[in-house]
Amino acid sequence: MGLVKDDVMHDWNNTPRRMQVSSFFLGETEITNYEYREYTTWLKFVFPPSDPTYKEIYTGALPDTLVWNNKLSRNDFAETYFRSPEFDYYPVVGVSWLQATKYCEWLTDRANEKELMNQGVISKDLYTNDSNNQGTSSFSLDKYKANDPEMQAYVNEQKLKQKTGIKTSNQRILSANRNATAGIVEKFRLPTEVEWEFAALGLQKEREYNLYQEKEPEIEKLKGKKGRNRGMYLENFKQGRGDYSGVAGWKNDGSPTTSDVRQYPSNDLGLYGMFGNVAEWTADVYRPIIDEEASDFNYYRGNVSRQLVKNADGTFKKIETVQYDTLADGRLVYKGLPGQYEREVVEDNRNFRDGDFQSSLDAGYGRGVDSTTANYNMYNSKRKRFFVDDRGRVILEKDTKSVTSQITDEVRVVKGGSWLDGAYWLDPGQRRFKDQNRAYGWIGFRVAQDAKSTGKGRTKR
């Protein structure tokens, strides 16, 4: 991975390196407006904003439609893009990294809920009873795995025994083996930077071990060579100053802004839009240095280990009072939904060997220097400050202290080019970073899954 051409931006943050990734699945397209509306509609139904306890959950998940506003541009997308049917299959934008990760968690629960219904473990009539899908009573994979008492009313234990192959009626054994159920769907997540770049390169087809010299890079296939597409750009990007879709009367790529997620051909792996349309969030915290010596297998910076919180009686603690993160536009986005199990951080490795002074062997020289105030901290960046006014609105304040960097633990790697970018950013080796709390009109996301193995070979999910 990394750049193999001149770094004309002089970022020096993506030198060539060799990495290994485990088998994984990646969404064929970015998440669309239609798919994201399914999520927000579910939230609105299960956690109605009319209930003061839940009022921030739905509004905090909505895309920021104001990302389309430009002080010197006429644009009506702020009112139509997310909800109008004509944009159903366009990539959702205006979604921050924090919101995208919450979508992945929700999708994991819904996918498992559906799979268990298909197996007969959960009744397909689950939603006919409102008490099963309002607030804290809604299904979650955590509750299913832990044999939560709330779920006993609608879990078919006999069918579960058949699926797990367990003959005993012992609830403890049955609960401990719920993970063995054939239908458990691997969790959805954002792809890591390494995974995204690997998928975008599409190097598998017709390769000979690591001899890629004969392989024509996907980036060189931007123009069609045959038929009606001959000479036409086959990706959605900005061709030049004031040229977003081609010469007037002959729209070269046909898309002045975003486009349908399947409008242009896929790459060799069947993935659409890896080079244009919208750039995409990845899971990684950004650092200029990728420490390949520390890890060249499934590399990922951003590991924050969490564990379930237990009550005094040994049961798992559920979220009752919702906690929130604050988005850049002042809205609140939930950290966990009511009824889910509460988790606490046990280890934060985002700063592990990241190249700043505090990561060096002699950091602080034994003086216990605070990395948030030390003048010589390489990543002496701004800190998020806000207050709540008399009307209950969250007001963000500017950080007035002197800063030396934009790099924080809250900036994430963005990969790929977009409708707003020139061809330079379409190279899969390029990397940028943006604030995880902020949304953009040119950044979307797609989901990934680990590929698990069974005794019968690879699974479909």
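The figures here come from the full heavy-atom set of this structure, side chains too, leaving out hydrogens, waters and symmetry mates. Quick caveat: nothing in here was measured; it's all calculated off a predicted structure.
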Exercise for the section: Go through the structure and list residues passing salt bridge (charged side-chain N to carboxylate O under 4.0 Å, His left out) with Arg446, not counting sequence neighbours. Expected result: Glu30, Glu280
Problem - Parallel, tilted or perpendicular: rings of Tyr39 and Trp106 (30°, 60°) - result: tilted
Problem - Note, Val185 side chain near Gln449 side chain (heavy atom, < 4.5 Å) - result: yes
Practice task
Taking only Lys NZ, Arg NE, NH1 and NH2, and the carboxylate oxygens of Asp or Glu, determine whether Arg431 and Asp284 approach each other closer than 4.0 Å.
Solution key: no
Exercise for the section: Could you tell me whether Tyr127 atom OH has more than 12 heavy atoms of other residues or ligands within 6.0 Å of it? Expected result: yes
Handout entry: NZ/NE/NH1/NH2 to OD/OE distance under 4.0 Å, Glu105 and Lys335
Key = no
Handout entry: salt bridge (Lys or Arg N to Asp or Glu O under 4.0 Å) between Arg350 and Asp348, worked out
Key = CA-CA 6 Å; Arg350 289 178 295 180; Asp348 187 341; 2.7 Å; yes
Exercise for the section: Assign the ring pair Tyr244 / Trp419 to parallel, tilted or perpendicular, where the plane angle (0 to 90°) is split at 30° and 60°. Expected result: tilted
Exercise for the section: Mind telling me whether Tyr144 and Phe139 have parallel, tilted or perpendicular rings, with 30° and 60° as the class edges? Expected result: tilted
Handout entry: Partners passing salt bridge (charged side-chain N to carboxylate O under 4.0 Å, His left out) against Arg37 (at least two apart in sequence or in another chain)
Key = Asp88
Problem - Salt bridge flag under 4.0 Å for residues Glu38 and Arg110 - result: no
Handout entry: Carboxylate-amine/guanidinium contact Arg412 Asp435, below 4.0 Å
Key = no
Exercise for the section: Salt-bridge test for Asp329 and Arg331: reply yes if a basic N is under 4.0 Å from a carboxylate O, no otherwise. Expected result: yes
Handout entry: Asp296/Arg17 ion pair, N-O < 4.0 Å
Key = no
Exercise for the section: Fit a plane to each ring of Phe87 and Phe77, take the angle between them on a 0 to 90° scale, and name the class: parallel (under 30°), tilted (30 to 60°) or perpendicular (over 60°). Expected result: perpendicular
Practice task
Evaluate whether atom CD of Glu344 has more than 12 neighbouring non-hydrogen atoms of other residues, nucleotides or ligands under 6.0 angstrom away.
Solution key: yes
